[in-house]
Amino acid sequence: MTVKPRVLYWFRTDLRLHDSPGLKAALDLYPEVLYPIWTWDPQYVYNTRVGPNRWQFLIDCQNDLSTNITKLNSKSKLFVLREAPQTVLPKLFKAWRITHLVFEKDTDAYARDRDHEVTNLAKKAGITIICRQGRNLYDPDELVDINGGPTMTIAQVQSAAKKLPAVPRPLPAPLSLPDPGDTSFEIDHSLPEPLLDRNAGYRNSKDSSYMSIAGPNGDFAVPTLKELGITPATTPHRGGESIALKNLADLISDPNYIATFSKPESAPTAFSPQSTTLLSPHLHFGSLSIRKFYWDTEDTIVSFSKRHKGKATVPPTNLTGQLLFRDMYFGAQASLGHKFGRMLDNPKCRFIPWHLPSIYDDKTAYPTKYSIDSVEADIWFKRWQSGTTGFPWIDGLMRQLRTEGWIHHLGRHAVACFLTRGGCYIDWERGAEVFEMWLLDHEVACNAGNWQWLSATAFFSQYFRIYSPITFPAKWDKNGDFVRKYVPELGKYPAKYIYEPWKAPIADQKSWGCVIKGDGLDSDVNGLDIKVYPKPMFDFSERRKICLDAMKKAYSVHIFGDNPEVKDGSWQELFDNEGEGVTKGPVGPGAAVHGSAVGSFTGEITGGDATSISELRPPEDLKLTAGRKRVGGQMKLDGMIQKKRRL
DNA sequence: GTCCCGTTGCAGCC
DNA sequence: GGCTGCAACGGGAC
């Protein structure tokens with residue numbers, strides 16, 4: 001007599017019912033019972049840099065999926081387990097007499113480690129594992145095999161794709177699901193190791209209910225932000241398969257938009273509506289299938305092309321091309337693993353002696369802190385993060401990112417170029433950490449890849465192409481509507497001064513209700529009803545020149561993350577910094593410290609509370625690491641007096 | 001070795 | 001809106 005399969009379907013990055021190759025494989029087993037589960041690991045919840053907006057988006061996705069599962073089977077729903085998969089799954093195998101564990105392939109470096117461990121545990125328990133690829137157009141591992149290494153150009157992806165099977169058509173959502181079995185169980189709850197709580201800045205209470213495996217009511221319900229003790233989300237963008245499919249359908253109903261889309265020509269200043277699809281968060285959480293996106297788009301393009309010969313755009317600038325870039329970054333990560341997410345050991349990432357370099361953990365080689373080689377650079381970094389650089393375009397973008405969790409791709413270019421090779425000369429890993437915390441659509445591979453691209457450390461090398469925070473936005477938005485929306489204190493400024501308000505005469509500034517003054521810490525002027533917007537934190541053209549020279553030098557040295565000089569510190573001898581030392585900070589690239597040695601101070605990325613635009617806090621709120629205090633006209637920094645720079 | 005190209009720069013000129 | 005010079009990179013095709 002054959003035993004009917006009892007299946008655990010483990011949802012991870014596929015929070016949907018449509019086009020789920022994994023779910024189809026599970027149903028094809030004709031199981032006796034099927035438990036749709038999600039494991040929510042407290043260790044991950046506390047230790048991963050994630051702001052309230054992304055948690056909320058995930059919770060939206062889970063709630064929507066749970067509702068949709070119940071529609072297929074009134075006894076079923078998404079069973080959320082609040083324990084690490086590595087510990088809870090073996091217990092479930094036993095308690096629920098499971099025969100099969102089914103999940104979707106995940107090539108993220110950390111996910112591979114986790115899945116490897118889970119697979120071994122399942123094997124030990126005699127469980128059959130079924131794993132299907134549904135996260136990318138092409139299986140990243142196959143892409144890498146065909147390419148013969150990490151995919152570093154879009155041409156490599158396109159050429160490898162030609163040799164791979166066509167992208168499969170999306171699968172329909174199932175019409176019914178088998179019953180879940182008896183969900184009662186008696187197992188010991190494994191509490192996580194002492195928690196680091198990287199998101200303490202977002203947490204307004206220490207929850208205890210969270211620490212129960214099946215939730216406070218024992219019903220495996222999706223947790224709420226309140227249960228997680230996290231401040232409410234501020235983003236208007238909401239998650240879930242239902243919303244994703246509706247948004248996609250709305251876009252597809254405009255074939256002209258779909259077929260003539262060209263990313264470089266889409267305005268980064270557009271909001272309400274934005275100029276791109278804003279479907280990336282759904283691709284990240286899997287509430288939208290990439291194959292559904294691809295084929296709905298491709299079919300629309302083909303049909304449009306028949307009617308309008310030569311008018312449709314093509315990859316890589318068109319919509320399907322955007323998906324190829326996603327696969328390119330996944331391919332790079334699939335090949336390079338953990339080291340793709342950082343400079344150290346990364347053979348493709350150029351070494352550049354940025355300010356605020358990472359201090360890598362000796363054991364894991366992960367950056368845990370950063371070295372404050374230049375106090376001024378740390379202040380620039382915090383001002384960048386908080387949207388108080390004094391450059392309205394940069395600040396508007398960072399405030400949009402912080403409150404809404406999404407900014408246009410070219411906006412990301414602008415702020416990333418500004419932080420790294422085109423302004424502050426700060427380590428791209430600092431920027432990537434902030435994006436990781438705040439972006440709804442944060443994808444490890446795409447984030448690390450794009451930051452390396454923009455910092456011209458990998459993928460891209462024309463470092464002399466620098467985005468101006470003044471002329472670039474003006475090209476799209478002469479009137480500065482974007483700035484008026486996200487930097488409302490400048491709302492009354494005329495278009496002439498909207499991107500460089502410091503050039504306006506003081507009397508005019510006053511009459512427009514906002515004076516350009518200080519460094520972002522000032523909140524009012526003599527208690528009058530006049531707002532304050534900071535002076536630019538540096539002379540952009542001066543910094544541009546300094547960065548260009550420094551990049552030229554770094555390119556001539558030509559060493560990468562896996563060069564021994566990077567690890568042993570002897571890279572310093574290769575860089576002739578002509579006196580621009582560790583503590584000279586204010587101008588020029590600092591002689592950064594990597595590996596063992598540590599600068600005068602160390603910093604850590606912390607979350608600020610995401611509030612509405614009008615309530616955004618100054619950079620102090622983001623906990624200036626070096627403990628900045630106002631002392632007269634000077635900044636006191638843990639005993640060091642740093643003369644304030646004036647333009 | 002040379003040439004051409006690379007999803008998304010800028011300023012000045014016409 | 002399109003062109004060129006800027007000072008100039010790396011990889012691949014030939």
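Protein chains get the first letters and strands the later ones, always in sequence-line order, with residue 1 at the start of each. Quantities reported herein were computed from a predicted structural model and do not represent experimental measurements.
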With a 4.5 Å cut-off on side-chain heavy atoms, are A:L410 and A:F472 touching? yes
Flag the pair A:Y486 / A:P392 as yes when at least one side-chain heavy-atom distance between them is below 4.5 Å, and no otherwise. no
Contiguous Watson-Crick or G-U pair runs (3 or more, under 3.5 Å) in DNA chain B: B:1-6 with C:9-14, B:9-14 with C:1-6
Suppose we call two aromatic rings close when their centres sit under 6.0 Å apart. Are A:Y360 and A:Y366 close by that rule? no
Short side-chain N/O contact to C:dA8 OP1/OP2 from A:K552, under 4.0 Å: yes
Output the single nucleotide from B:dG9, C:dC9, B:dT7 whose closest atom is nearest the side chain of A:Y463. C:dC9
Separation of A:Q462 atom CD from B:dC4 atom P, in whole Å? 16 Å
C:dA7 to B:dT7 separation - P atoms, rounded to the nearest Å: 25 Å
Check the phosphate of B:dT8 against A:R465, side-chain N and O only, distance under 4.0 Å to OP1 or OP2. Yes or no? yes
Distance check needed: B:dC10 C1' versus A:K475 NZ, whole Å only. 9 Å
Whole-Å gap separating C1' (C:dA8) and NZ (A:K545): 14 Å
A:Y425 six-ring centre to A:R543 NZ/CZ under 6.0 Å and within 45° of normal: no
Validation row: A:P268, A:F482 side chains within 4.5 angstrom (heavy atoms): no
Which part of the nucleic acid, if any, lies within contact of A:I466, taking any heavy atom under 4.0 Å across all strands shown: a base, the sugar-phosphate backbone alone, or nothing? sugar-phosphate
Measure NE2/A:H409 against C1'/B:dT8 and give the value in whole Å, please. 7 Å
If you take the centroid of each ring, where Trp contributes its six-membered ring, are A:Y499 and A:W393 closer together than 6.0 Å? no
Using a 4.0 Å heavy-atom cut-off across all strands, classify A:W453 as base, sugar-phosphate, or nothing. base
Would you please indicate if the ring centroids of A:F340 and A:Y329 are separated by under 6.0 Å? no
Using a heavy-atom cut-off of 4.0 Å across all strands, would you classify A:I154 as base, sugar-phosphate, or nothing? sugar-phosphate
Report, one pair per line, the protein and nucleotides 11-14 of chain B atoms (nitrogen or oxygen only) whose separation is under 3.5 Å.
residue, atom, partner, partner atom, Å
B:dA11, OP2, A:T471, OG1, 3.2

Separation of the C1' atoms in C:dA8 and B:dG6, to the nearest angstrom: 14 Å
Options C:dG10, B:dC10, B:dT7, nucleotide nearest the side-chain atoms of A:P316: B:dT7
Could you check A:F435, A:F459, A:W428 and say which one makes a ring-ring contact (aromatic ring centres under 6.0 Å, His included) with A:W451? A:F435
Atom pair distance, as rounded to whole Å: CZ in A:F325 and P in B:dT8: 8 Å
A:H558 vs C:dC9: side-chain N/O to OP1/OP2 distance below 4.0 Å: no
Taking any heavy-atom pair under 4.0 Å as a contact, classify A:R350: base, sugar-phosphate, or nothing. sugar-phosphate
For A:F391, which of A:W384, A:W502, A:Y467 qualifies under ring-ring contact (aromatic ring centres under 6.0 Å, His included)? A:W502
Nearest-angstrom distance from the residue atom CZ of A:F459 to P of B:dG6: 17 Å
Against the side chain of A:F472, the closest entry in B:dT7, B:dC10, C:dC9 is B:dC10
In whole Å, what is the span from the CE atom of A:M152 to the P atom of B:dC5? 22 Å
Look at the rings of A:F460 and A:W453 and say which category their plane angle falls in: under 30° parallel, 30 to 60° tilted, over 60° perpendicular. parallel
Can you find a side chain N or O atom of A:Q156 that sits less than 4.0 Å from OP1 or OP2 on C:dG12? yes
Which of A:E241, A:R291, A:K292 passes side chain to side chain donor-acceptor pair (under 3.5 Å) with A:H18? It is A:E241
For the aromatic rings, using the six-membered ring if either is Trp, is the centroid distance between A:F538 and A:F418 under 6.0 Å? yes
Nearest-Å distance for atom pair CD/C1', residues A:Q158 and B:dT7: 10 Å
Strand contacts (DNA chain B) in residues 255-266 of chain A, 4.0 angstrom heavy-atom criterion: A:K263, A:P264
Close side-chain approach of A:Q400 to A:H408, heavy-atom, < 4.5 Å: no
